[in-house]
Amino acid sequence: MLTQTKAKARGLADLPPVASDSLLALIALCDADPRPEKIDVGVGVFRDAVGNTPILKVMKEAEQRLLDTQVTKAYLGSAGDKRFAELLRPILLGHHAGDKRILGLQTPGGCGALRLGFELIATVNPQARVLVGTPTWPNHPPIIRSVRLQQIDYPYYERGQGAIRFEDMITALENGEPGDVALLHGCCHNPTGADLSEEQWREVVRVVSERGLLPLIDIAYQGFGRGLDEDAYGVRLMLDACDEVIIAQSCDKNFSVYRDRVGSLWIKTAAVDSSKTAMAHVHQRAREMWSMPPDHGAAAVHIILDDEELSARWLVELAAMRDRINSVRQRIAAADPRLTFIGRQFGMFSMLPLSKEQVLKLRHDDAIYMADSGRFNVVGLGDDQIDRFTAAVIGALNS
Ligand code: LMR
């Protein structure tokens with residue numbers, strides 16, 4: 001008689017190794033480099049002319065007010081700070097702010113909003129495929145995988161030319177099935193900086209709505225490109241044309257509160273009732289994952305946006321960040337004809353036409369830390385680092 005042997009139960013020690021997140025690993029690598037002249041153009045944080053990521057003055061003041069006036073830290077619920085979301089509405093939605101079919105809630109950063117949006121899609125339509133222009137933010141694919149949706153890639157960007165492969169993009173969207181998801185970058189494309197023009201947005205919106213695709217727009221850098229309204233052009237146009245839209249928004253960059261994790265998710269459906277039902281699912285998922293979002297950063301943003309004077313000062317500080325980004329772009333672009341494309345792009349990132357070997361050589365020889373893909377954070381450069389950076393990049397391009 002055969003004796004049945006029980007398979008040994010797998011324990012935590014049986015877990016396979018996991019490749020570390022490339023951008024987070026780059027922070028650690030750069031931190032560990034003792035060379036004082038090192039240049040960190042890896043992870044996407046704004047830096048000023050002397051290389052600091054300061055807390056905005058208006059944010060410091062709002063935080064002080066919060067400290068002085070907050071009387072409780074009792075639970076707020078899975079929607080987080082409702083007034084925060086209400087105050088964001090006009091900034092993000094513009095002329096759609098009054099549309100009661102669009103509902104939003106606070107999330108832990110834009111990443112939390114993305115995860116929640118994809119959770120909702122996987123709940124309603126697990127067969128949906130997600131059409132993704134590549135390259136994209138390296139955390140998009142893991143988030144899509146985490147909800148077990150299939151990802152279909154199409155080429156978005158021609159690195160050598162610094163240009164969008166717009167025809168490929170349109171063909172891929174035209175090949176989508178109704179219900180498939182079009183994941184789009186609202187502005188300041190990460191990692192390429194190559195944003196759709198208004199004319200291109202109109203074409204994308206036409207195809208998305210005609211094909212019955214579900215647009216999920218990731219807008220993490222509103223105000224860093226051309227301006228708050230200009231950067232929301234695609235979001236608002238999509239809302240003009242489509243009954244169903246999902247938007248994942250972040251305040252982490254435009255309020256410079258990165259580690260506080262401040263974002264929001266917005267859902268539009270064809271009717272108020274169905275939006276409320278969709279939102280009930282979103283709340284349930286949020287409850288399962290983080291129960292409720294962290295309060296501090298959103299509470300401070302709430303204080304700023306609820307106060308005319310503080311809001312006006314935020315706009316000035318935001319414009320100063322945008323101006324710095326664009327002026328560093330112009331300086332790099334002026335250094336070599338092969339870099340002029342950088343001056344035509346928007347937001348914190350551009351992607352250099354360098355091989356991984358060239359990127360690693362810059363890291364080794366020149367202590368310049370950029371992502372393996374050749375993505376670099378334009379505004380990671382202090383003013384006194386720009387010339388050394390461009391000289392090293394030009395050297396690499398010549399090699
Ligand atoms: C980046 O792309 O560098 C930022 O969005 C930070 C991150 O979380 O990856």
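Just so we're clear, the structure is a prediction, and the values are computed from it rather than from any experiment. Atoms within a ligand are numbered from 1 in the order they appear, just like the ligands themselves.
Interface of V43 with ligand 1, defined as ligand atoms under 4.0 Å from a residue heavy atom, comprises 3 (O), 6 (C). Atom numbering of ligand 1 starts at 1 in the shown order; those under 4.0 Å from a heavy atom of R375 are 1 (C), 2 (O), 3 (O). When each atom of ligand 1 is checked for a heavy atom of G44 under 4.0 Å away, the hits are 1 (C), 3 (O). With ligand atoms numbered from 1 in the order given, ligand 1 contributes 1 (C), 2 (O), 3 (O), 9 (O) to contacts under 4.0 Å with heavy atoms of L23.
Taking CG of L354 as the start and CG of L360 as the end, the distance is 10.5 Å to the nearest 0.5 Å.
Looking at E119 and R115, a side-chain N of the basic residue comes within less than 4.0 Å of a carboxylate O on the acidic one, giving a salt bridge.
Nearest non-hydrogen protein atom to atom 9 (O) of ligand 1 is W137 NE1, 3.0 Å.
Side-chain contact, N326 with R226: no donor N or O sits under 3.5 Å from an acceptor N or O.
Using the six-membered ring where Trp is involved, Y221 and F349 have ring planes that are perpendicular, over 60° apart on the 30 and 60° scheme. Ring geometry for H140 against W137 counts as perpendicular: the plane angle is over 60°, on a 0 to 90° scale with 30° as the lower cut.
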Verify ring pair (Phe, Tyr, Trp, His ring centres under 6.0 Å) between Y156 and H189, making sure each step is shown before the conclusion. CA-CA 11 Å; Y156 174 79; H189 187 273; 4.4 Å; yes
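Using a 4.0 Å cut-off between heavy atoms, Y258 makes no contact with ligand 1 at all. Contacts with ligand 1 closer than 4.0 Å are made by no heavy atom of M348, backbone or side chain. In N139, neither the side chain nor the backbone holds a heavy atom less than 4.0 Å from any atom of ligand 1.
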